[in-house]
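Below, read A as the first sequence line, B as the second, and so on, with proteins coming before strands; counting in each chain starts at 1.
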There are 2 protein chains.
Amino acid sequence: MQALDAKDLGRALCIITGASRGFGRTTAIQISELVKPKSVLVLAARNVEDLRMLQADLAASKAGKAGVVFEYVVADLGVKEGVECVVKAIKLKSSEDFDHLILVNNAGSLGALRYARTFTDMSEVDSYMSFNLSSPICLTACVLEAFPRREGLRRTVVNVSSLCGLEPFLSWGLYCSGKAARDMMFRVLAKEDPDIRVLSYSPGPLDTGMQEEARTLTADNSLRNTFTDMFTKGQLLTCEASCAKLMMLLLKDEYTSGAHIDFYEI
Amino acid sequence: MQALDAKDLGRALCIITGASRGFGRTTAIQISELVKPKSVLVLAARNVEDLRMLQADLAASKAGKAGVVFEYVVADLGVKEGVECVVKAIKLKSSEDFDHLILVNNAGSLGALRYARTFTDMSEVDSYMSFNLSSPICLTACVLEAFPRREGLRRTVVNVSSLCGLEPFLSWGLYCSGKAARDMMFRVLAKEDPDIRVLSYSPGPLDTGMQEEARTLTADNSLRNTFTDMFTKGQLLTCEASCAKLMMLLLKDEYTSGAHIDFYEI
């Protein structure tokens with residue numbers, strides 16, 4: 001456990017999925033400001049252009065100039081090969097070079113925002129669960145295997161979750177189920193390996209592309225209107241504000257491992 | 001809503017998955033005793049021999065003699081084609097012939113009973129989730145589509161769940177995640193379609209082949225010993241006793257739609 005006044009996350013190897021945009025991008029930026037020089041951030045996402053821009057921005061930042069290293073991996077985490085690409089990049093690193101391993105399972109998609117009774121196509125559900133459930137489960141297992149328990153190495157796994165993992169939302173069955181399953185797998189992991197710090201963080205309603213999808217594509221009228229209202233009334237959170245709370249949680253390191261913690265709870 | 005003293009489940013079309021053995025088999029038997037003549041039970045499972053025997057037993061039973069019809073579909077619900085086979089059989093039926101549609105999503109598997117950190121193979125997780133999550137979601141959607149809302153037709157969907165859908169069990173990550181995801185999808189369905197009666201029933205620790213798997217293959221020593229103790233001390237439930245409570249819930253029809261109800265709660 002870190003001291004309460006910890007000011008940094010150590011010399012860290014951080015893997016962030018879905019890093020090119022939205023909450024993942026902000027996480028990359030904010031983590032880069034909290035790790036020690038010679039830390040390495042591995043940024044995974046599908047879009048090479050977005051990743052290149054992020055890498056350039058980070059390399060030119062204060063953290064980059066202080067010696068934090070930024071790498072990116074172009075990978076579609078919806079397929080086995082994508083996960084393997086990220087794992088390959090991780091395996092090139094030596095555990096001895098770091099005192100903190102941080103994996104942020106941020107990548108995710110809303111999937112079709114339709115009513116549960118319409119999911120008649122098994123390939124659609126399979127494909128959704130592959131990207132949103134199997135992929136973070138397997139990436140986490142591979143990363144933990146590549147960086148096994150070692151004296152002097154802290155290991156932290158973040159699951160970017162949602163209130164939808166706890167409560168049913170109309171026409172959001174895929175997203176709710178996927179998040180519920182992820183939360184549970186990470187609760188199991190936390191219980192199995194008390195030396196690993198596991199956090200399911202629910203970032204709240206963020207002003208991102210995903211929320212735009214939510215307020216335009218949600219099949220349920222009432223829920224769609226709620227999202228539109230939140231947007232027009234300026235009630236959406238910035239990624240910066242939400243991510244700052246996640247960083248505070250990681251720095252304080254006092255959360256119960258496996259817990260689901262919501263932006264609004266802290 | 002049924003009257004409190006309902007003595008039967010109506011003239012029903014019942015689809016039961018994983019019907020050839022264990023809890024599914026018992027459910028088929030007990031439901032057959034509660035439906036009216038000319039009801040049809042469609043029994044789905046992989047093993048044709050087991051299905052034939054069950055069909056023969058049921059045909060020779062009091063229910064069979066009274067005119068309840070038993071059909072079986074040999075299908076592997078882990079693949080799209082399996083779900084399609086069951087749906088094909090259902091689509092041959094006419095909604096007008098029934099006043100109650102009952103789907104019991106019972107089929108399921110424990111999967112590998114290993115620690116979460118060992119699930120490095122995405123195909124293994126994909127395949128588990130396909131059978132245990134995508135398949136009941138899609139079968140439910142297909143059945144509801146084939147039998148849309150109609151005056152005079154009650155529709156009931158049962159999700160055979162587990163305490164593992166609520167609480168993490170060591171080395172049971174796949175099973176726990178799958179059940180958590182199923183529970184959530186059925187909570188969403190219940191909220192979306194208040195006219196459908198949705199029940200996640202947790203049958204308790206049953207003296208079945210699945211429990212034998214649990215007490216021999218569970219990676220976690222302590223949990224494995226707990227299962228062995230329960231077995232040797234005769235603490236496992238019979239399928240009959242647990243299924244009787246499910247039948248009581250269905251007959252009374254007073255549960256909150258979408259609720260997770262455990263054998264020990266009632």
Side-chain angles (χ1 to χ4, degrees), chain A residues 79-84 87 115-130 133-135 137-145 148 164-193 196 219-220 258, chain B residues 79-84 87 115-130 133-135 137-145 148 164-193 196 219-220 258:
Chain A
V79 295
K80 199 182 168 95
E81 293 71 25
V83 174
E84 284 166 358
V87 174
Y115 292 112
R117 63 175 179 273
T118 68
F119 289 102
T120 53
D121 177 4
M122 204 158 140
S123 342
E124 182 182 19
V125 183
D126 279 343
S127 160
Y128 182 83
M129 293 302 166
S130 211
L133 182 53
S134 304
S135 155
I137 290 174
C138 295
L139 181 62
T140 301
C142 288
V143 167
L144 293 173
E145 184 184 61
C164 295
L166 304 177
E167 295 299 331
F169 279 66
L170 296 169
S171 68
W172 280 48
L174 282 186
Y175 191 74
C176 290
S177 298
K179 290 296 191 192
R182 282 168 67 134
D183 273 23
M184 177 55 87
M185 183 56 94
F186 288 102
R187 286 173 70 192
V188 171
L189 175 67
K191 200 171 167 184
E192 288 173 353
D193 290 288
I196 304 173
D220 187 75
Chain B
V79 295
K80 198 183 169 93
E81 293 73 23
V83 173
E84 285 166 358
V87 174
Y115 292 112
R117 63 174 179 273
T118 69
F119 289 102
T120 53
D121 177 4
M122 206 157 137
S123 344
E124 183 183 18
V125 183
D126 279 343
S127 161
Y128 182 83
M129 292 303 165
S130 210
L133 182 53
S134 304
S135 155
I137 289 174
C138 295
L139 181 62
T140 301
C142 289
V143 168
L144 293 174
E145 184 185 62
C164 295
L166 304 177
E167 295 297 331
F169 279 66
L170 296 170
S171 69
W172 280 48
L174 282 186
Y175 191 74
C176 290
S177 299
K179 290 296 191 192
R182 281 168 69 134
D183 274 23
M184 178 55 87
M185 185 56 95
F186 288 103
R187 285 173 71 193
V188 172
L189 174 68
K191 201 171 167 183
E192 288 173 355
D193 290 288
I196 304 174
D220 186 75

Closest heavy-atom contact between B:F169 and A:E192? O-OE2, 4.3 Å

Test side-chain contact (heavy atoms from CB on, under 4.5 Å) applied to A:V83 and B:T120, step by step: CA-CA 10 Å; A:V83 174; B:T120 53; over 6 Å; no

Can you give me every donor-acceptor pair (side chain of residues 178-191 of chain A, partner residue at least two apart or in another chain, under 3.5 Å) with its distance?
| unit_1 | atom_1 | unit_2 | atom_2 | d |
| --- | --- | --- | --- | --- |
| A:K179 | NZ | A:V160 | O | 2.8 |
| A:R182 | NE | A:N159 | OD1 | 2.9 |
| A:R182 | NH1 | A:A107 | O | 3.4 |
| A:R182 | NH1 | A:N132 | O | 3.2 |
| A:R182 | NH2 | A:N105 | O | 2.9 |
| A:R182 | NH2 | A:N159 | OD1 | 3.1 |
| A:D183 | OD1 | A:N159 | ND2 | 3.1 |
| A:D183 | OD1 | A:S161 | OG | 2.6 |
| A:D183 | OD2 | A:S161 | OG | 3.4 |
| A:D183 | OD2 | A:H260 | ND1 | 2.5 |
| A:R187 | NH1 | B:L166 | O | 3.1 |
| A:R187 | NH2 | B:L166 | O | 3.4 |
| A:K191 | NZ | B:P168 | O | 3.0 |

From the list A:S171, A:A141, A:C142, the residue making the most non-hydrogen contacts under 4.5 Å with chain B is A:A141

Is A:E167 in contact with chain B via its backbone, its side chain, both, or neither, using a 4.5 Å heavy-atom distance? both

Residues which pass side-chain hydrogen bond (donor to acceptor under 3.5 Å, both in side chains) with B:D193, listed by chain and number, not counting sequence neighbours: A:R117

Heavy-atom pairs under 4.5 Å with chain A, option from B:V143, B:L170, B:L144, B:D121 with the top count: B:L170

With a 4.0 Å cut-off on N to O distance, would you call B:D126 and A:K80 a salt bridge? no

Using non-hydrogen atoms only, which part of A:V79 is less than 4.5 Å away from chain B: side chain, backbone, both, or neither? backbone

Quick one: what part of A:S130 sits under 4.5 Å from any heavy atom of chain B, side chain, backbone, both or neither? both

